[in-house]
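Single-structure report; data block below.
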Amino acid sequence: MLLERSFRLRVVGGPDQGKEHMLDEGTTMVGTHADNDLVLTDATVSRYHLEIRVRRDGIEIRDLDTTNGTKHGGARVGQVVLSGAARLRLGKHTEVDVEPIDTSVEVGEWPSDRFGEVLGTTQPMKRLFGLLAKASPTEATILLQGETGTGKEAIAEAVHKMSRRAKGPFVVVDCGSIPHELIASELFGHAKGSFTGASGDKQGLIEAANHGTLFLDEIGELALDLQPQLLRVLDRRQVRRVGETQSIDVDIRVIAATHRDLRAMVKAGQFREDLYYRLAVVATAVPPLRDRKADIPALVEWFAEKMGRGSFAQSAALLDQLQRHDWPGNVRELRNVVERALSLGAAALVDIGDGARSAPAAAGEEGAQKRPSNPDVLELPFKEAKAQLVEAFERDYLVALLARHHGNISRAAAEAGIDRNYIHRLVKKYNLEVDRG
């Protein structure tokens, strides 16, 4: 579903209570003079009190140096950009609500089964492609919602390549993997000497995305205290490096993704409502693989082709086995199964439910010990048997390691004596759900 956003002004307090005005493109004037678009009768409101301009990222409110001022959130403001619902006080008596109104827009199916490097032959995917094809050439912020492994990053990159920013950078920020104490430096950059270990100036990831697209993966993992800083960047299109006083203008298009229900997080006070509205200008869900199993044969062929292995024989028995599996790791899990089958042969497909399933970190050592070994591995050639056993060891070791440290990758890396980025790669490789709580 594509949502088209508009805004309405509604007077909820003061002598003009009940008046409404829909904001159109361009500038809207509010005040007591008859020439205004929204005319008020409150004597404490100035003749020309507010100028409101609709922007691609919300609406800009500017107080026209009035006597009694304009307040937002209890504080007097000169200029503010609003992306969601808000209440303004004009003068001493008038209160005006700014209300976002989202209207669904019908979008046709995409005629092709490809959208960039994303493949989909089923109706849910073609509808998704149709929506994204319409949104891609615009500057609208996009929020992709869906389970882990559904291909949200590949979809975001396809949107980037279909936009006017295709020649600019595509910068990925994994909000869930950057430690809390480093994320400000990673996102915004820092000045030399701004904190211990800052041996030189560093450009942040937001600045690195200038003239391109910034992909905020797993935005639902961003700590609540960091969300206002990100919101300011998105509203002002300016970034200030840690330890500096001057802001740098950035020209970026933002795409965000999450496997969490951000609306529920907003209600629970775990995610800022204004940031949610700022991100969800175009909000859509990426369907899980279990809801589009008819795509599996085409995906298997495509993965085999991309791995340079040519055609992949899909017997009726194999297709039945693939269709019966629920694919908790989604498309990423299917890709891993194909890669393993191309490397190890039929033995890799003896039990898809065991060899490819994402093992939850919470299972810990007990879960790893209960996983049955595969005696057929001893009948494989040495190289293939070794590769299969190494993968099993890596997966089991990682599950137990992360369970001991409650999903804290930095502490797990320190205990294991390996680089934390390597652990991140293994987590993605085996589709592990890391429990950070």
Side-chain angles (χ1 to χ4, degrees), residues 3 5 7 52-62 70-88 97-100 102 139-145 156 171-176 178 180-190 204-210 213-242 244-258 260-283:
L3 298 178
R5 173 160 295 172
F7 289 89
I52 303 174
R53 186 166 63 90
V54 177
R55 305 183 354 171
R56 71 182 183 212
D57 55 345
I59 62 171
E60 180 184 305
I61 307 286
R62 187 162 70 91
T70 301
K71 290 186 176 181
H72 173 238
R76 185 161 178 164
V77 297
Q79 181 176 331
V80 65
V81 177
L82 304 174
S83 55
R87 177 163 293 184
L88 304 172
D97 275 357
V98 178
E99 301 175 336
D102 293 335
E139 289 295 299
T141 303
I142 297 175
L143 177 63
L144 301 172
Q145 300 169 96
V171 177
V172 178
V173 179
D174 187 346
C175 299
I178 304 175
H180 181 273
E181 63 272 15
L182 296 179
I183 194 165
S185 172
E186 291 293 317
L187 282 175
F188 310 126
H190 63 249
L205 294 171
I206 294 174
E207 193 178 341
N210 196 30
T213 300
L214 180 71
F215 177 53
L216 299 171
D217 196 13
E218 293 303 344
I219 188 65
E221 308 301 318
L222 187 66
L224 192 60
D225 63 320
L226 293 172
Q227 294 175 21
Q229 299 177 49
L230 177 59
L231 180 63
R232 282 194 292 273
V233 171
L234 300 183
D235 281 344
R236 301 174 186 174
R237 288 301 195 269
Q238 290 182 329
V239 63
R240 182 183 299 172
R241 293 180 179 179
V242 175
E244 291 190 351
T245 57
Q246 297 296 319
S247 296
I248 302 168
D249 291 333
V250 287
D251 174 22
I252 56 174
R253 199 260 182 91
V254 176
I255 303 174
T258 181
R260 296 187 178 274
D261 184 345
L262 291 190
R263 285 185 179 273
M265 291 181 69
V266 168
K267 291 180 180 179
Q270 298 170 339
F271 199 85
R272 288 181 62 105
E273 183 179 29
D274 46 6
L275 179 57
Y276 170 76
Y277 280 117
R278 183 64 190 79
L279 294 170
V281 177
V282 176

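Residue indices begin at 1 and follow the sequence shown.
Contact annotation: the side chain of Ile252 approaches that of Arg237 to within less than 4.5 Å [non-hydrogen atoms, C-beta and beyond]. Within the 4.5 Å cutoff, the side chain of Val173 has no heavy atoms near those of the Ile206 side chain. Considering only heavy atoms from C-beta on, Ile142 comes within 4.5 Å of Arg253 through its side chain. Counting only heavy atoms from C-beta outward, the side chains of Leu230 and Ile219 approach each other to under 4.5 Å. No side-chain heavy atom of Val254 sits under 4.5 Å from any side-chain heavy atom of Arg278. Side-chain contact between Phe7 and Val54 is absent, with no heavy atoms from C-beta onward closer than 4.5 Å. A 4.5 Å side-chain heavy-atom check between Leu143 and Leu262 finds at least one atom pair inside the cut-off. Residues Leu88 and Val77 fail the side-chain proximity criterion, which asks for heavy atoms closer than 4.5 Å.
Closest approach of Val282 to Ala140, counting heavy atoms only: CG2-CB, 3.9 Å. Among all heavy-atom pairs drawn from Pro228 and Arg272, the shortest one is CG-NH1, 3.5 Å. Here the shortest heavy-atom pairing between Gln238 and Val250 reads N-CG2, 4.1 Å. Smallest separation of non-hydrogen atoms from Leu224 and Gln270: CD1-O, 3.6 Å. A pairwise comparison of heavy atoms in Phe271 and Tyr276 identifies CE2-N, 3.8 Å as the closest pair. Between Gly220 and Thr258, the closest heavy-atom pair is N-OG1, 3.8 Å.
Here the straight-line distance linking atom CG of Asp261 with atom CD of Gln145 works out to 7.0 Å at 0.5 Å rounding. Separating the CG atom in Leu82 from the CD1 atom in Ile52 is a distance of 9.0 Å, to the nearest 0.5 Å. Rounded to the nearest 0.5 Å, atoms CD1 (Ile178) and CG (Leu226) are 10.0 Å apart. The structure places CG of Asn210 at 6.0 Å from CG of Asp251, a figure rounded to the nearest 0.5 Å. In this structure, NZ on Lys267 lies 10.5 Å from CD on Glu273, to the nearest 0.5 angstrom. To the nearest 0.5 Å, atoms CG (Leu214) and CG (Asp217) are separated by 11.0 Å.
Within the structure, the salt bridge (Lys or Arg N to Asp or Glu O under 4.0 Å) test picks out the following pairs touching residues 74-87 (sequence neighbours left out): Arg87-Glu95, Arg87-Asp97.
Formation of a donor-acceptor pair under 3.5 Å by the Glu60 side chain with backbone atoms of Gln79 is not found in this model.
Every residue two or more places apart in sequence or in another chain that forms a side-chain hydrogen bond (donor to acceptor under 3.5 Å, both in side chains) with Glu207 is listed here: Arg241.
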